[in-house]
Amino acid sequence: MHLYRTHTCGELRKSDDGRTARVSGWVYRKRDHGSLLFIDLRDHYGVTQVVVRPDRSFFEEAQKLKPESVITVTGRVEPRTPDTVNSSLATGEIEVVADTLVVESVADTLPLQVAGEEDGPEDLRLRYRFLDLRRERMHKNVLMRSRLVADLRRRMTAHGFAEFQTPILTCSSPEGARDYLVPSRVHPGKFYALPQAPQLFKQLLMISGFDRYFQIAPCFRDEDARADRSPGEFYQLDIEMSFVTQDDVFAVVEDVISGVFGDFSDWTCDKPPFRRLAWREAMEKYGSDKPDLRNPIVMCDVTDIFRGSEFKAFAAAVDGGATVRAIPVTGVGVADKPRSFYDKLVEFAKEAGGKGLAYLVWQGDSVKGPIAKYIDQARMASIVERCAARAGDAVFFVCDKPKDASRISGDIRTKLGRDLELLEPNTYRFCWVVDFPMYEFDEEERRVVFSHNPFSMPQGGMSALTGKDPLDVLAYQYDIVCNGVELSSGAIRNHSPEIMLKAFEIAGYTREEVEEKFSFLLNAFRLGAPPHGGIAPGVDRMVMLLAQESNIREIIAFPMNQRAQDLMMGAPSAVSERQLRELHIRLNLPKEKAATTLVAPKV
RNA sequence: GGGGGCGUAGCUCAAUUGGUUAGAGUCCCAGAUUGUCGAUCUGGUUGUUGCGGGUUCGAGUCCCGUCGCUCCCGCCA
């Protein structure tokens with residue numbers, strides 16, 4: 001008989017009746033009846049009830065076992081009587097009556113409880129992550145991630161993609177996020193950088209003729225965390241394809257994503273082709289470049305209606321270049337909400353940076369609201385028509401500079417959707433946001449800058465760059481969005497050195513600067529580069545959506561906290577003088593702020 | 001770098017407008033208990049109310065500072 005087990009804790013069934021079995025695992029729960037003891041024994045595969053009878057020599061030892069101790073039990077598999085069957089357990093028709101019991105590892109009192117659904121404080125959970133990961137939900141999340149990654153590989157391979165590895169120690173890139181730097185011992189004063197993404201390598205692989213690249217790629221960015229953004233490192237399903245149009249990229253991603261979401265969740269999921277929204281349309285209708293389409297509220301522009309109106313606050317702002325966005329809330333009887341509901345929303349709009357929030361409420365035959373008396377009949381009719389407002393509805397109005405109007409109205413739309421519970425339940429809604437502007441005007445620096453990826457191909461190519469107002473040039477740049485979460489950005493790349501030089505020139509870079517900064521890429525483009533494009537959906541975010549977690553740390557086995565510390569390992573940590581000396585580094589620490597030392601748990 | 005929220009027993013939380021000895025569940029400890037499966041029952045231990053200062057006759061509660069966690073803005077081509 002095997003030293004530790006003949007069966008896992010999720011394996012034994014009624015058909016094993018009479019068999020002698022050996023199982024090993026963690027003491028999950030104990031029910032001590034004094035002269036009879038039940039132990040729920042748990043391993044990765046499930047839970048099996050072990051019965052310890054009082055005549056056994058180890059009965060007292062078993063009674064004293066602490067939860068999460070590891071034991072090996074050998075005994076007879078017996079069927080349970082009908083009234084003691086536990087239907088919520090896969091092994092609930094049987095139990096193992098213990099003949100021998102070996103304690104493999106004694107557990108001290110736990111800092112966190114493994115049984116039960118309750119989350120402990122997050123710093124403790126991170127410090128004792130190995131305990132936290134024993135909990136059912138976390139164990140499930142991490143496992144789902146594993147299965148998802150395997151599934152992504154299978155699907156990509158089936159689409160004819162080859163998986164590549166690219167360097168982790170590479171060089172700092174001039175554009176983009178802050179790099180993590182690694183000092184070189186051999187080259188004093190020089191540094192490697194961890195890749196923010198394998199962007200340039202995958203483009204070079206296309207130039208090498210590999211045609212279809214993918215990688216479950218680690219990416220490193222030294223930027224601050226968010227609930228959906230883990231600090232330090234994250235993973236992307238990195239994809240690049242040669243001789244493709246935007247539609248070819250979409251077709252692959254739609255198949256992979258819809259396949260994965262269909263297989264890994266019971267929720268309703270959009271079938272390909274996913275809806276496409278122009279960036280401008282997304283900003284106007286949803287006030288966001290990552291709209292949550294589960295929210296039925298669709299906004300519209302009503303700037304023209306307020307221009308020259310008696311509502312002077314808006315009319316004057318419109319003359320000064322502001323736009324007015326209408327946020328219609330229709331068909332849910334929002335007109336019956338108390339005054340406080342509207343007051344709170346006005347307050348919310350101000351906190352979001354708005355100057356205020358105007359609104360109209362259709363109660364029965366009359367229109368009410370603070371601005372109603374300033375709107376003449378013709379204008380009111382236009383509003384009613386454009387917003388499809390009926391009795392019981394309300395429309396909110398935000399007036400601000402276009403960029404702020406979008407953001408503020410978008411925040412209000414999100415809040416209304418959530419507070420009024422308008423979101424479609426148990427559904428994944430996907431869309432592509434396309435036609436991003438190539439450039440935008442930086443108000444602070446008073447100049448034209450790249451709005452997203454400088455390596456994207458401008459729509460219309462060279463003639464668009466030379467013939468159009470730069471702010472009107474669109475890029476072959478696209479995002480895929482699910483339930484308000486940006487899953488991924490991608491682009492058809494600019495593979496022409498001349499167009500690239502021109503594109504950078506518009507953003508204020510001289511030819512010489514570009515030739516110097518991106519020499520190897522330009523040189524590669526000059527030696528035969530296929531038209532190519534790609535995308536890189538975030539693996540962590542996919543798992544987060546599928547596991548229905550609202551925080552990305554819940555689906556990462558060993559995440560860092562928001563301040564980019566690993567509380568379990570104690571990273572980042574001080575290093576020895578000798579290590580620094582070898583790397584030719586002398587510390588120049590900020591004054592007063594003493595370095596916080598992290599203490600790893602004594603385990 | 002900036003703003004919001006939170007911080008009470010090992011853990012999850014409560015504590016009236018600032019009022020008497022800071023409570024409950026869980027965990028832990030002891031005892032009882034032969035069919036439980038979140039076992040049950042009895043009893044018990046556990047507190048610098050994050051830390052420091054202030055206001056007050058009196059502070060878990062109010063004020064200031066600080067530390068920690070978290071959410072957001074900036075940032076993330």
Side-chain angles (χ1 to χ4, degrees), chain A residues 28-42 47-55 59 63-64 66-68 78 80-89 91-92 95 97 108-128 131-132 173-179 196-197 199-200 219-232 234 348 351-353 407 411 436 438-440 444 449-456 475 477 486 489-491 493 503-504 507 517-518 536 538 550-551 553 561-563 565 567 592-594 596 598:
Chain A
Y28 192 40
R29 288 193 174 96
K30 263 178 8 183
R31 291 173 296 279
D32 184 353
H33 289 247
S35 302
L36 184 67
L37 175 65
F38 298 99
I39 296 173
D40 287 342
L41 196 65
R42 183 198 76 242
V47 173
T48 296
Q49 175 163 282
V50 172
V51 182
V52 185
R53 300 204 186 278
D55 56 349
F59 183 77
Q63 276 184 314
K64 285 181 182 145
K66 290 213 189 194
E68 296 306 309
E78 291 189 359
R80 301 200 198 179
T81 59
D83 57 314
T84 60
V85 164
N86 185 348
S87 57
S88 59
L89 218 57
T91 60
E95 59 199 11
V97 182
D108 289 339
T109 301
L110 305 171
L112 292 167
Q113 278 161 243
V114 172
E117 316 242 304
E118 221 163 54
D119 283 341
E122 199 173 8
D123 50 345
L124 263 191
R125 292 178 59 200
L126 292 175
R127 192 169 291 234
Y128 295 95
L131 268 185
D132 198 44
S173 57
E175 299 277 326
R178 256 189 302 275
D179 287 313
Q196 297 173 20
Q199 178 70 36
L200 296 172
C219 304
F220 305 89
R221 296 178 192 172
D222 187 2
E223 297 295 348
D224 290 333
R226 289 288 183 277
D228 63 353
R229 204 165 82 199
S230 189
F234 60 96
F348 177 83
E351 280 168 16
R407 180 179 54 80
D411 284 354
F436 277 80
M438 186 83 188
Y439 302 99
E440 62 188 26
E444 273 181 30
V449 298
F450 286 113
S451 70
H452 287 86
N453 187 334
F455 304 107
S456 301
Q477 162 97 38
E486 182 193 315
S489 262
R493 320 295 171 190
F504 273 85
K517 275 186 175 174
F518 306 109
S550 57
N551 191 297
R553 288 185 293 274
N561 68 7
Q562 200 183 27
R563 291 180 51 202
Q565 296 166 308
L567 298 176
E592 287 182 53
K593 225 172 192 178
T596 333
L598 289 168

Query - Nearest to side-chain heavy atoms of A/Leu124, which nucleotide of B/U70, B/C11, B/G68 - result: B/C11
**Report entry** Any A/Arg42 side-chain heavy atom under 4.5 Å of A/Glu68 side chain
**Finding:** yes
Query - Candidate nucleotides B/C76, B/G38, B/U36, ranked by approach to the side chain of A/Glu95 - the nearest - result: B/U36
Requested in this report: Using the C1' atom on both, measure B/G25 against B/U46 and round to a whole Å.
Outcome: 14 Å
Query raised in the report: Which nucleotide sits closest to the side chain of A/Glu223: B/C71, B/C75, B/U36?
Result: B/C75
Query raised in the report: A/Arg221 side chain: which of B/G35, B/U70, B/C76 is closest?
Result: B/C76
Query raised in the report: Counting only N and O atoms by type, is there a donor-acceptor contact under 3.5 Å from the side chain of A/Glu223 to the main-chain atoms of A/Arg178?
Result: yes
Report summary line: Closest of B/C69, B/G35, B/C71 to the A/Ala227 side chain is B/C71
Query raised in the report: Partner of B/G47 by Watson-Crick or G-U wobble geometry, both contacts under 3.5 Å, or none?
Result: none
Query raised in the report: Of the candidate nucleotides B/U12, B/U70, B/G38, which contains the atom at the shortest distance from the side chain of A/Pro121?
Result: B/U12
Query - Minimum-distance nucleotide (side-chain atoms of A/Lys66 versus B/C29, B/U36, B/C71) - result: B/C29
Requested in this report: Using only heavy-atom distances, decide whether a donor-acceptor pair under 3.5 angstrom links the side-chain of A/Asp224 to the base of B/G74.
Outcome: yes
Report summary line: Considering only heavy side-chain atoms of A/Arg229, the closest of B/U70, B/G74, B/C69 is B/G74
**Report entry** P-based separation of B/G23 from B/C64 [nearest Å]
**Finding:** 30 Å
Query raised in the report: What interatomic distance, in whole Å, is found between C1' of B/G68 and the corresponding atom of B/C29?
Result: 32 Å
Query - Donor-acceptor contact present, side-chain A/Tyr128 to main-chain A/Asp123, <3.5 Å - result: no
Report summary line: From the candidates B/G68, B/G74, B/C76, the one with an atom nearest any side-chain atom of A/Arg563 is B/G68
Report task. Name the nucleic acid region contacted by A/Arg553, choosing base, sugar-phosphate or nothing; use a 4.0 angstrom heavy-atom cut-off, strictly under. Result -> sugar-phosphate
Requested in this report: For nucleotides B/G7 and B/U66, find the distance between their C1' atoms and express it as a whole number of Å.
Outcome: 13 Å
Query raised in the report: What interatomic distance, in whole Å, is found between P of B/C69 and the corresponding atom of B/G53?
Result: 23 Å
Report task. Kindly say whether, by distance alone, the side chain of A/Gln113 makes a donor-acceptor pair under 3.5 Å with the base of B/U12? Result -> no
Query raised in the report: On a plain distance test, is the side chain of A/Arg31 in donor-acceptor contact with the base of B/G38 below 3.5 Å?
Result: no
Report summary line: Which of B/C72, B/U33, B/C75 is nearest the side chain of A/Gln63? It is B/U33
Query raised in the report: Which value, in whole Å, describes the distance between the P atoms of nucleotides B/G19 and B/G44?
Result: 28 Å
Query raised in the report: What do you reckon, are the aromatic ring centroids of A/Phe518 and A/Phe504 less than 6.0 Å apart?
Result: yes
**Report entry** Inter-nucleotide P distance (B/A9, B/G52), Å rounded
**Finding:** 16 Å
